[in-house]
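A short write-up of the structure that comes next.
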2 protein chains.
Amino acid sequence: MVKAAERAKNPARSSVWLEKRATRSGGGPAGLDRDRIVAAAVRMLDEEGLAKLSMRKLATELGVTAMSLYWYVDTKDDIIEFAMDSVYGEFDLAAVDAARDWRDRMRVLAREYRKMLVRHPWMSPSAGQYLNIGPNAIAVGHKIHETVAETGLPLERRPSATSAVFQFVYGYGTIESRFGRRAAEAGMSQDEFYVDSVNAFRNDPEFTGRAEVLGEILDERTSHGNLSEIWDRDFVYALDVLIAGIEVMVAREAEGA
Amino acid sequence: MVKAAERAKNPARSSVWLEKRATRSGGGPAGLDRDRIVAAAVRMLDEEGLAKLSMRKLATELGVTAMSLYWYVDTKDDIIEFAMDSVYGEFDLAAVDAARDWRDRMRVLAREYRKMLVRHPWMSPSAGQYLNIGPNAIAVGHKIHETVAETGLPLERRPSATSAVFQFVYGYGTIESRFGRRAAEAGMSQDEFYVDSVNAFRNDPEFTGRAEVLGEILDERTSHGNLSEIWDRDFVYALDVLIAGIEVMVAREAEGA
DNA sequence: GAAACTCCTTGTACGGTGTACGAGGCCGGG
DNA sequence: CCCGGCCTCGTACACCGTACAAGGAGTTTC
């Protein structure tokens with residue numbers, strides 16, 4: 001049992017996954033259990049967001065006091081790390097294998113990644129804060145590296161290509177999910193919220209003469225389908241840009257060699 | 001003066017920049033001032049990180065009590081929003097204009113963006129949480145859109161291309177800066193910390209048979225220069241991938257039309 | 001000179017947080 | 001019967017953001 005106080009002394013090792021601990025599972029009177037705790041945490045995180053999750057509320061949800069949770073977990077952060085890995089488990093890796101070639105495999109991976117981020121808006125901020133080396137996350141990472149290897153890029157170029165593609169997906173999914181969350185908080189549909197935001201922006205005196213280019217684009221978009229179609233269209237196209245880029249680089253490496 | 005409690009009722013409008021307030025500036029005995037507060041906040045954020053910044057500590061740093069800050073600012077979040085925009089002011093937009101063509105302009109923008117994220121590791125998590133529509137941020141966004149317009153992509157494709165490039169930069173800078181911060185916290189150089197992490201990972205029983213592909217890459221990298229060179233090399237190459245991708249798409253749009 | 005008014009700073013207090021610590025309750029085995 | 005795990009809980013601490021009201025300092029007005 002590693003206390004939070006001791007953990008703080010060595011932040012480099014600060015991941016649940018780096019200290020093998022027996023998972024304590026619950027023949028206790030409350031029927032508690034690490035899996036049950038994590039599942040409840042995921043549910044609450046999805047509904048209320050990262051900021052609203054507190055140990056006391058999570059415990060109440062489970063019909064227990066806050067301190068009970070600490071029998072199964074060292075720290076609140078641990079719960080979030082477990083929750084993240086459980087969400088990584090939602091990746092449909094079989095669909096990746098079923099795809100025709102590396103291009104489609106990459107598209108499927110990107111699609112799954114994006115879906116995950118949008119479904120669980122707390123993932124983006126959390127992913128930035130933890131090491132993310134749970135079994136499910138590693139399985140996904142493994143599949144990503146396999147797929148990138150198939151492109152034909154030489155070993156030393158693959159990390160770049162991986163970054164280009166999946167950092168993009170991460171960023172895109174982050175923006176998209178944050179937008180969805182804000183709309184929900186404002187009690188509007190995404191489309192209503194979008195129109196609203198654009199107007200607020202346009203009426204801002206600061207806008208005048210400072211972002212006409214952006215204005216053109218805003219106009220163009222409000223006239224084409226609903227927002228979720230736009231999200232999809234932009235995402236697919238950006239992915240095509242990335243894939244086209246990789247193809248070019250593969251060809252260049254081939255002729256350069 | 002908008003109280004935090006009232007602000008919470010309408011989260012959609014929750015940005016300092018969306019409510020024009022006279023900036024209260026300080027003939028007071030403490031010589032306080034919004035600029036001084038924001039500058040001190042940036043310094044503390046750089047040194048101690050987002051989590052460690054508290055109103056009481058920031059106030060102490062300025063020789064004042066916590067509540068004094070609330071004369072100049074409604075909320076702690078406001079301070080962070082101001083701090084972010086002040087950091088966006090570090091962008092060297094003149095260097096962008098000085099570049100030869102859109103490719104180089106894009107490279108300069110990406111470089112400046114990355115530099116900003118690495119210099120201020122608290123920016124990445126914060127950028128995800130606020131609207132980011134201060135004057136400096138808008139100026140940068142404006143320049144980005146101008147540059148993307150020069151690629152020759154049609155209007156409706158530009159948001160995709162913008163995402164592809166700058167979400168990548170955001171993700172890359174985020175990872176890089178987080179890595180630097182972790183190394184610093186562990187009291188090591190980045191290179192030491194990298195070797196250390198790789199070893200910890202490799203000795204993990206979970207690793208065996210699960211991430212050989214990753215293992216190859218790790219080997220390749222530890223044998224090529226120091227980490228900061230690798231960061232640079234990977235970044236430049238990924239950017240080339242993106243630029244190549246955009247060129248291909250521009251050509252396709254041209255022949256398709 | 002006194003009073004009034006504005007600008008700024010402060011002390012105190014409230015409701016929240018994560019979690020350390022120690023006291024117990026339940027339970028199976030000796 | 002008692003003992004030693006396993007599990008849960010109550011209490012307490014230090015810290016957080018910030019509401020509220022009191023007050024000091026400086027300037028303006030009579």
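As the structure is a prediction and not an experimental result, all values here were calculated from the model. Chain letters run A, B, ... following the sequence lines, proteins first and then strands; every chain starts at 1.
For D:dC7, one of the phosphate oxygens OP1 or OP2 lies less than 4.0 angstrom from a side-chain nitrogen or oxygen of A:W71. Close to C:dT17, at under 4.0 Å from its OP1 or OP2, lies a side-chain N or O of A:S54. Side-chain N/O atoms of B:Y70 include none lying less than 4.0 angstrom from OP1 or OP2 on C:dT9. Distances shorter than 4.0 Å separate none of the side-chain N or O atoms of A:S68 from OP1 or OP2 on D:dC7.
Closest contact between the side chain of B:V64 and the listed nucleotides C:dT19, D:dT18, C:dT10 involves C:dT10. Listed candidates were C:dT9, D:dG10, C:dG18. Nearest to the side chain of A:T65 is D:dG10.
A donor and an acceptor atom, one from each side chain of A:S15 and A:E81, are located under 3.5 Å apart.
Here the P atom of nucleotide C:dA13 and the CZ atom of B:R56 are 13 Å apart, to the nearest Å. Taking atom NZ on B:K57 and atom P on D:dA14, their separation rounds to 16 Å, with Å as the unit. In this entry the distance linking CE of A:M67 with C1' of C:dG24 reads 15 Å, nearest Å. If you measure from atom NZ of A:K52 to atom P of C:dG15, you get 19 Å, rounded to the nearest angstrom. In this structure, the CE atom of B:M55 is 14 Å from the C1' atom of C:dT9, given to the nearest Å. Rounded to whole angstrom, the span from the CD1 atom of A:I37 across to the P atom of D:dC7 amounts to 11 Å. For the pair B:I80 CD1 and D:dT18 C1', the interatomic distance rounds to 15 Å; values are reported in whole Å. One can place CG of A:L32 at 13 Å from C1' of D:dC6, the figure rounded to the nearest angstrom.
A:I79 comes within 4.0 angstrom of no nucleic acid atom, judged by non-hydrogen atoms across all strands. Counting any heavy atom pair closer than 4.0 Å across all strands shown, A:L58 reaches no nucleic acid atom.
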- Go through A:D33 and A:Y72 one step at a time and tell me if the side-chain hydrogen bond (donor to acceptor under 3.5 Å, both in side chains) criterion holds. CA-CA 7 Å; A:D33 186 315; A:Y72 302 92; over 6 Å; no
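The aromatic rings of B:F235 and B:Y172 sit tilted relative to each other, their planes meeting at an angle between 30° and 60°. Between A:Y113 and A:Y88, the two ring planes are tilted [angle within 30° to 60°].
Rounding to the nearest 0.5 Å places CD of A:E176 at 8.5 Å from CG of A:L227.
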